[in-house]
Amino acid sequence: MQTVTLKVEGMSCEHCVNTVEGAVKQIGASGKIDLNAGSVTIQFDESIVSLDSIKEAIEGQGYDVVD
Ligand SMILES: [Cu+2]
(Lines give C-alpha, C1' and ligand atoms only; values in the text may rest on other atoms or scores of the structure.)
Protein backbone atom coordinates (compact mmCIF):
# COMPACT_ATOMS: atom_id res chain seq x y z
CA MET A 1 0.00 0.00 0.00
CA GLN A 2 1.28 3.40 -1.03
CA THR A 3 0.41 6.76 0.49
CA VAL A 4 0.92 9.90 -1.56
CA THR A 5 -0.18 13.46 -0.93
CA LEU A 6 -1.06 15.49 -4.01
CA LYS A 7 -1.60 19.22 -4.25
CA VAL A 8 -4.88 19.84 -6.03
CA GLU A 9 -6.09 23.24 -7.18
CA GLY A 10 -9.72 24.24 -7.47
CA MET A 11 -11.24 22.46 -4.48
CA SER A 12 -13.27 24.93 -2.49
CA CYS A 13 -16.18 23.28 -0.75
CA GLU A 14 -17.76 20.09 0.49
CA HIS A 15 -19.05 19.35 -2.98
CA CYS A 16 -15.49 19.30 -4.32
CA VAL A 17 -14.46 17.03 -1.49
CA ASN A 18 -17.20 14.55 -2.38
CA THR A 19 -16.43 14.76 -6.09
CA VAL A 20 -12.72 14.15 -5.71
CA GLU A 21 -13.14 11.46 -3.08
CA GLY A 22 -15.71 9.75 -5.27
CA ALA A 23 -13.49 9.86 -8.36
CA VAL A 24 -10.59 8.35 -6.47
CA LYS A 25 -12.74 5.71 -4.88
CA GLN A 26 -14.27 4.73 -8.19
CA ILE A 27 -10.91 3.54 -9.50
CA GLY A 28 -10.08 1.58 -6.39
CA ALA A 29 -8.07 3.97 -4.24
CA SER A 30 -9.00 6.00 -1.22
CA GLY A 31 -8.53 9.72 -0.81
CA LYS A 32 -8.70 12.05 2.12
CA ILE A 33 -8.98 15.74 1.36
CA ASP A 34 -7.63 18.63 3.35
CA LEU A 35 -9.46 21.67 1.99
CA ASN A 36 -7.35 24.20 3.88
CA ALA A 37 -4.13 22.75 2.54
CA GLY A 38 -5.62 22.07 -0.88
CA SER A 39 -4.27 18.57 -0.76
CA VAL A 40 -5.46 15.04 -1.24
CA THR A 41 -3.82 12.19 0.59
CA ILE A 42 -4.24 9.04 -1.44
CA GLN A 43 -3.85 5.48 -0.31
CA PHE A 44 -3.61 2.97 -3.08
CA ASP A 45 -2.30 -0.42 -4.05
CA GLU A 46 0.12 -0.09 -6.95
CA SER A 47 -0.83 -3.50 -8.26
CA ILE A 48 -4.42 -2.31 -8.69
CA VAL A 49 -4.17 1.33 -9.67
CA SER A 50 -1.37 3.64 -10.82
CA LEU A 51 -0.67 7.12 -9.53
CA ASP A 52 -1.10 8.43 -13.07
CA SER A 53 -4.61 7.07 -13.32
CA ILE A 54 -5.45 8.63 -9.96
CA LYS A 55 -4.23 12.00 -11.21
CA GLU A 56 -6.26 11.53 -14.38
CA ALA A 57 -9.38 10.69 -12.37
CA ILE A 58 -9.03 13.89 -10.34
CA GLU A 59 -8.27 16.03 -13.39
CA GLY A 60 -11.20 14.41 -15.18
CA GLN A 61 -13.45 16.06 -12.61
CA GLY A 62 -12.06 19.48 -13.49
CA TYR A 63 -9.39 19.93 -10.83
CA ASP A 64 -5.71 20.54 -11.37
CA VAL A 65 -3.17 18.24 -9.81
CA VAL A 66 -0.16 20.46 -9.29
CA ASP A 67 2.33 17.84 -8.21
CU1 LIG B 1 -16.78 22.85 -4.38
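Counting convention: from 1, in listed order, for ligands and their atoms alike. All residue numbers in this chain count up from 1 along the given sequence. Every value quoted in this text rests on a predicted model; they were computed, and no experiment measured them.
If you run side-chain contact (heavy atoms from CB on, under 4.5 Å) between Val40 and each of Ile54, Val8, Val17, Asp34, only Val8 comes through.
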Begin from the C-alpha positions of Met11 and Val20 and carry the test side-chain contact (heavy atoms from CB on, under 4.5 Å) through to its verdict. CA-CA 9 Å; Met11 299 186 301; Val20 172; 3.8 Å; yes
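In this model, no donor atom of one side chain and acceptor atom of the other lie less than 3.5 Å apart for Ser39 and Thr5. Neither side chain, Asp52 nor Ser50, offers a donor N or O lying under 3.5 Å from an acceptor on the other.
Linking ILVMFWY residues whenever their side-chain heavy atoms come closer than 4.5 Å, directly or via other members, leaves Val66 and Leu35 in distinct clusters.
The Cu ion (ligand 1) has Cys13 SG, Cys16 SG as protein N, O or S atoms under 2.8 Å away.
Scanning both residues, Cys16 and Gly10, for their nearest heavy atoms gives SG-O, 4.0 Å.
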